[in-house]
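One structure below.
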Number of protein chains: 2
Amino acid sequence: MQPDGRGSVAFLLAQLGAHAAALFTERVAALDLTPAQAGLLRLITVMPGRSQQAYAERLGVPPSRFVNLVDELESRDLVERRRGEPDRRSYALHLTTQGQAVMRDIGAVGRAHEDDLCADLTAAERQTLRELLGRIADQHGLLPGVHPGYRRE
Amino acid sequence: MQPDGRGSVAFLLAQLGAHAAALFTERVAALDLTPAQAGLLRLITVMPGRSQQAYAERLGVPPSRFVNLVDELESRDLVERRRGEPDRRSYALHLTTQGQAVMRDIGAVGRAHEDDLCADLTAAERQTLRELLGRIADQHGLLPGVHPGYRRE
DNA sequence: TATTGTTATACTCTATAACTATA
DNA sequence: TATAGTTATAGAGTATAACAATA
C-alpha cells in the first residue's frame with residue numbers, strides 16, 4: 001500500500017476496472033444485454049460483414065462460445081447471418097435495423113456510464129486521465145475496443 | 001469511442017483493469033498462489049486476529065467459499081486458525097511465520113508488477129495517475145485493499 | 001433459539017473435442 | 001484432406017441451504 005493509503009496504480013486499476021465493469025453490466029442489463037453481447041454489437045458496427053471466425057479470433061473467444069453469442073443476438077433480430085460468398089461454409093455477420101437502433105441505445109448508456117464514473121473530475125482531468133491510461137494501453141499492446149476480460153462475461 | 005481512438009475513461013479502466021489483474025494472476029502463480037489467496041494474506045496482515053466471518057464480510061465472499069480459501073492457506077501452513085476467546089464458535093485468523101515470509105514475496109511481486117505496468121510513465125505521471133484514480137475510488141466508496149472482482153477469482 | 005463455521009448439492013459457465021457441411 | 005461452423009459433454013467454480021457445535 002502507498003503513502004496515501006489508496007494503493008498502487010496497478011491495484012487501483014484492477015479495483016476500478018472491476019467496479020467500472022460491474023456498473024456497465026448493470027446498465028446494459030437494462031437493455032437486456034450482457035457486456036459480451038454489447039461488445040460484439042459494437043465490433044460488428046466497427047467492422048461489419050466479417051466471418052464469425054474473424055470476430056471470435058479478434059475477441060479471443062473460442063468458437064463454441066461465440067456461436068452461442070451470435071445465436072442469442074440473432075434470435076432477437078439484432079444480428080443477421082449471411083451465407084459467405086463464395087465460400088459457403090462461412091457466415092458474414094451484419095447488424096439488422098433493430099440492431100443498429102440498439103447500438104444507439106448502447107452508446108447512450110456508455111456516455112451515462114462515463115459521466116457517472118468521472119463525475120468528480122473536470123474535463124481537463126478526464127483528458128489527462130485518458131491520455132495516461134491510453135499510453136499504458138498502447139505500451140501493453142491492448143487493442144482499442146477489445147476487452148481482455150471479454151473471455152468470461 | 002473517443003477522438004483519439006482509444007476509448008472512454010470507463011472502457012480504458014475496464015480494459016486495463018482486466019489486463020492488470022491477468023498479469024498479477026500470472027505473477028502470483030509463480031508463488032503458487034491465486035489472487036484471492038494473496039488478497040486474504042494481505043488483509044490478515046493489515047488486520048490480524050479477526051473472525052472468519054469478519055474477513056469474509058469485508059471481502060464480500062460467502063462463508064462457504066471463504067472456508068475453502070482458509071483451508072488452502074492453512075494446509076500450507078501460511079495461516080493459522082485459533083479458537084475464539086471467549087466465543088469458542090469462532091476462529092481468529094493469524095499468519096504463521098511462513099505466511100509472513102510469503103507476504104514479503106507478495107510485496108516484491110507487487111512492486112515488480114507496478115513497475116512493469118507503469119514502465120513508460122515518469123514518477124510524476126504515476127503520481128498524477130494515482131491521485132486521479134484515487135479520487136474516483138473515493139467517490140465510489142471503494143475500500144482500500146479490497147478488490148470488488150474478488151468475488152470470483 | 002440464534003450464531004459461527006462447515007458440508008452437500010445443484011447450477012452456471014467454460015473449454016475440449018466430436019461432428020456436419022462445404023471446400 | 002482441410003476448414004467454418006455447430007453440438008455434446010465433462011469439468012471447474014459458485015451460491016444456496018442444510019447441518020453441527022457452541023452460545
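None of these values were measured; they are calculated from a predicted model.
When rounded to the nearest whole Å, the span between CD of B:Glu57 and P of D:dA15 equals 15 Å. Distance B:Leu69 CG to D:dA15 P: 12 Å, rounded to the nearest Å. Between the CZ atom of A:Arg65 and the P atom of C:dT16 there is a distance of 12 Å, rounded to whole Å. Nucleotide C:dG5 holds its P atom 14 Å from the CZ atom of B:Arg50, rounded to whole Å. As rounded to whole Å, 7 Å separates atom P of C:dT7 from atom CG of B:Asp71. If you take CD of B:Glu74 and C1' of C:dG5, they are 12 Å apart, rounded to a whole angstrom. Nucleotide C:dT4 holds its P atom 15 Å from the OH atom of B:Tyr55, rounded to whole Å. Between B:Arg82 atom CZ and C:dG5 atom C1' there is a gap of 18 Å when expressed in whole angstrom units.
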For nucleotides 21-23 of chain D, give me every protein contact, N/O to N/O, under 3.5 Å, one pair per line with atom names.
from   : atom 1 : to      : atom 2 : distance (Å)
D:dA23 : OP1    : B:Pro86 : O      : 3.3
D:dA23 : OP1    : B:Arg88 : N      : 2.8

ask   = Are A:Glu72 and A:Val79 close enough, and set up right, to give a side chain to side chain contact (heavy atoms under 4.5 Å, CB included), and what steps lead you there?
value = CA-CA 9 Å; A:Glu72 293 159 357; A:Val79 161; over 6 Å; no
request  = For the pair A:Asp71 and A:Arg81, evaluate side chain to side chain contact (heavy atoms under 4.5 Å, CB included) and give the outcome as yes or no after the intermediate values.
outcome  = CA-CA 10 Å; A:Asp71 283 349; A:Arg81 281 178 168 104; 3.0 Å; yes
request  = Show your working on side-chain hydrogen bond (donor to acceptor under 3.5 Å, both in side chains) between A:Tyr91 and A:Arg83 and close with a plain yes or no.
outcome  = CA-CA 5 Å; A:Tyr91 285 108; A:Arg83 270 291 178 196; 3.1 Å; yes
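B:Arg58 pairs with exactly one of B:Met47, B:Gln53, B:Arg50 by the side chain to side chain contact (heavy atoms under 4.5 Å, CB included) rule, that one being B:Met47.
When each of A:Asn68 and B:Gln52 is assigned the nucleotide of DNA chain C bearing its nearest heavy atom, the one mapping closer to the 5' terminus is B:Gln52.
When atom types are taken as modelled, the side chain of A:Gln37 and the backbone of A:Leu69 share no donor-acceptor pair closer than 3.5 angstrom.
Contact check, B:Arg81 against C:dT6: a side-chain N or O comes under 4.0 Å of OP1 or OP2.
Under the 4.5 Å side-chain heavy-atom criterion for grouping Ile, Leu, Val, Met, Phe, Trp and Tyr, A:Val9 is connected to B:Leu16 within one hydrophobic cluster.
Here A:Ser90 lies in heavy-atom contact (under 4.0 Å) with sugar-phosphate atoms only. When heavy atoms are screened at a 4.0 angstrom cut-off, A:Tyr91 is found touching the sugar-phosphate backbone but no base atom.
Below the 3.5 angstrom threshold, one finds a donor paired with an acceptor across the side chain of B:Ser64 and the base of D:dT16.
In this pair, B:Phe66 and B:Tyr55 present their aromatic rings parallel. The plane angle is below 30°, not in the 30 to 60° band.
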